[in-house]
Amino acid sequence: MGDWGFLSKLLDKVQSHSTSIGKVWLTVLLIFRIMVLGAGVDKVWGDEQSGMVCNIKTPGCKNVCYNKAFPISHTRFWVLQILFVSLPTLIYLGYVMNVIHKENKMRQKLQNQAEKRGLKLPKYTDDNGKLRYKGNLLYVYVTCILVTILFEAAFIVGQYYLYGFMMTPRLECSGDPCPRHTVECFMSRPTEKTIFIIFMLVVGCVSLFLNVAEIFYLIGRASVYRKHPPISPADEHKPFTTETFC
């Protein structure tokens with residue numbers, strides 16, 4: 001279904017800037033969705049319309065029946081689903097890379113100047129480059145997860161209303177240019193396609209569950225740091241800010 005290499009490389013970069021649950025979500029996305037879609041699903045579906053057999057040879061009738069049954073093919077629907085659920089993550093990656101770049105420049109200024117009073121200190125990363133989830137960074141991360149949840153749920157509901165979750169072996173349709181009586185068409189390999197439909201549905205539900213779990217994980221971590229803030233001797237007199245480490 002095309003080359004997924006570029007998207008996979010971008011998503012792989014997000015791994016080092018995600019929580020532990022976020023890393024599991026990315027693994028599910030890369031292995032069980034992108035790799036399966038690229039390696040197996042396209043071969044199973046192929047050209048669905050040419051594999052469909054109808055009990056009438058009226059020109060254009062087969063096209064009309066296929067279009068009514070499948071406004072968009074399953075494979076293209078899943079490609080759109082992957083692109084949409086990946087989009088918030090890619091936006092988060094761009095934001096994180098910008099934050100890291102700015103804070104690295106701050107550290108260079110701190111190292112080059114002997115007098116550090118009045119200089120801004122890095123807020124979102126420590127000396128090892130580890131992210132601290134707080135402030136705007138935490139809000140952006142949570143917002144991206146919430147948008148991903150909305151996209152994921154919308155595509156699952158959309159798939160149900162477009163096709164259902166089973167590949168029906170026999171389709172019935174009528175209307176121009178088909179004759180007035182009902183035309184019957186038969187799909188190729190309906191059982192094999194149903195297995196892939198259910199598999200992709202389960203993977204989508206697992207991804208949705210991981211996104212929701214990550215929201216609760218971040219809320220839990222933030223509440224723990226709010227109750228028991230890690231205070232270093234140098235920060236004893238500084239105002240406390242809730243932060244969550246990835």
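Nothing here was measured: the structure is a model prediction, and the numbers come from that model.
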Inset, instruction - Take C205 and I156 through the test side-chain contact (heavy atoms from CB on, under 4.5 Å) and record every step on the way to the result. - result: CA-CA 8 Å; C205 291; I156 291 174; 4.1 Å; yes
Legend entry - Heavy-atom donor-acceptor pair, N55 side chain to E184 backbone, under 3.5 Å: yes
Legend entry - Smallest separation among heavy atoms of G22 and Y141, with atom names: CA-OH, 4.3 Å
Inset, instruction - Could you grab the distance from atom CG of L26 to atom CD1 of I21, nearest 0.5 Å is fine? - result: 12.5 Å
Legend entry - Verdict with reasoning, T148 to L208, per side-chain contact (heavy atoms from CB on, under 4.5 Å): CA-CA 8 Å; T148 302; L208 184 61; over 6 Å; no
Inset, instruction - Determine, using the 4.5 Å side-chain heavy-atom cutoff (strictly less than), whether L83 and V36 are members of one ILVMFWY cluster. - result: yes
Legend entry - Minimum side-chain heavy-atom gap I72-L80 below 4.5 Å: yes
Inset, instruction - Taking all non-hydrogen atoms of both residues into account, name the closest pair between E152 and G204 and its distance. - result: CG-O, 3.7 Å
Legend entry - K193 (side chain) donor-acceptor with T168 (main chain) under 3.5 angstrom: no
Inset, instruction - Determine the sole option in I31, L30, V24 for which the side chain to side chain contact (heavy atoms under 4.5 Å, CB included) test with T27 is passed. - result: I31
Inset, instruction - Inspect cysteines C61 and C54 and report if their side-chain SG atoms are under 2.5 angstrom from one another. - result: no
Legend entry - Neighbour count >12 (heavy atoms, 6.0 Å) for atom CZ, F186: yes
Inset, instruction - With rounding to the nearest 0.5 Å, note down the distance linking CD1 in I145 to OG1 in T89. - result: 8.5 Å
Legend entry - V202 and F32, any side-chain heavy atoms less than 4.5 Å apart: no
Inset, instruction - To the nearest 0.5 Å, tell me how far C173 SG sits from N67 CG. - result: 10.5 Å
Inset, instruction - Count the heavy atoms of every other residue, nucleotide or ligand shown that sit under 6.0 Å from CZ of F165, and state whether that count exceeds 12. - result: yes
Inset, instruction - Look up atom CZ in F70 and atom CE in M167, then write down how far apart they are to the nearest 0.5 Å. - result: 4.0 Å
Inset, instruction - List the atom of S18, the atom of K23, and the distance in Å for their closest heavy-atom pair. - result: O-CE, 3.5 Å
Inset, instruction - Answer yes or no: is there a side-chain heavy-atom contact under 4.5 Å between S207 and W25? - result: yes
Inset, instruction - State plainly whether one hydrophobic cluster holds both L162 and F196, where clusters connect Ile, Leu, Val, Met, Phe, Trp and Tyr through side-chain heavy atoms under 4.5 angstrom apart. - result: yes
Legend entry - Shared hydrophobic cluster, I198 / W78 (ILVMFWY, side-chain heavy atoms < 4.5 Å): yes
Inset, instruction - Report yes if some heavy atom in the side chain of T58 is under 4.5 Å from a heavy atom in the side chain of C178; otherwise report no. - result: no
Legend entry - Shortest non-hydrogen separation from T194 to M166 and the atoms involved: CG2-SD, 3.5 Å
Legend entry - Whether K62 side chain and M52 backbone form a donor-acceptor pair below 3.5 Å: yes
Legend entry - Close side-chain approach of I215 to I149, heavy-atom, < 4.5 Å: yes
Inset, instruction - State, to 0.1 Å, how close Y163 and A69 come at their nearest heavy-atom pair, and which atoms those are. - result: CD2-O, 4.2 Å
Inset, instruction - Kindly determine whether E172 and V183 satisfy side-chain contact (heavy atoms from CB on, under 4.5 Å), including the steps that lead there. - result: CA-CA 6 Å; E172 295 182 353; V183 176; over 6 Å; no
Legend entry - Within one Ile-Leu-Val-Met-Phe-Trp-Tyr cluster: V28 and L201, side-chain cutoff 4.5 Å: yes
Inset, instruction - Flag yes if L146 and V96 sit in one hydrophobic cluster, no otherwise; membership is Ile, Leu, Val, Met, Phe, Trp, Tyr, and two members link when side-chain heavy atoms are under 4.5 Å apart. - result: yes
Inset, instruction - Give me the ring orientation class for F155 and F77: parallel if the planes are under 30° apart, tilted from 30 to 60°, perpendicular past 60°. - result: perpendicular
Inset, instruction - State the SG-OH distance between C144 and Y95, to the nearest 0.5 angstrom. - result: 10.0 Å
Inset, instruction - Verify the distance criterion only: is there a donor paired with an acceptor across the side chains of Q81 and Q159 at less than 3.5 Å? - result: no
Legend entry - Nearest-0.5 Å distance, OG1 of residue T143 to CG of residue L138: 9.0 Å
Inset, instruction - Write down the atom of V140, the atom of Y92, and the distance for their closest heavy-atom approach. - result: CG1-CD1, 4.4 Å
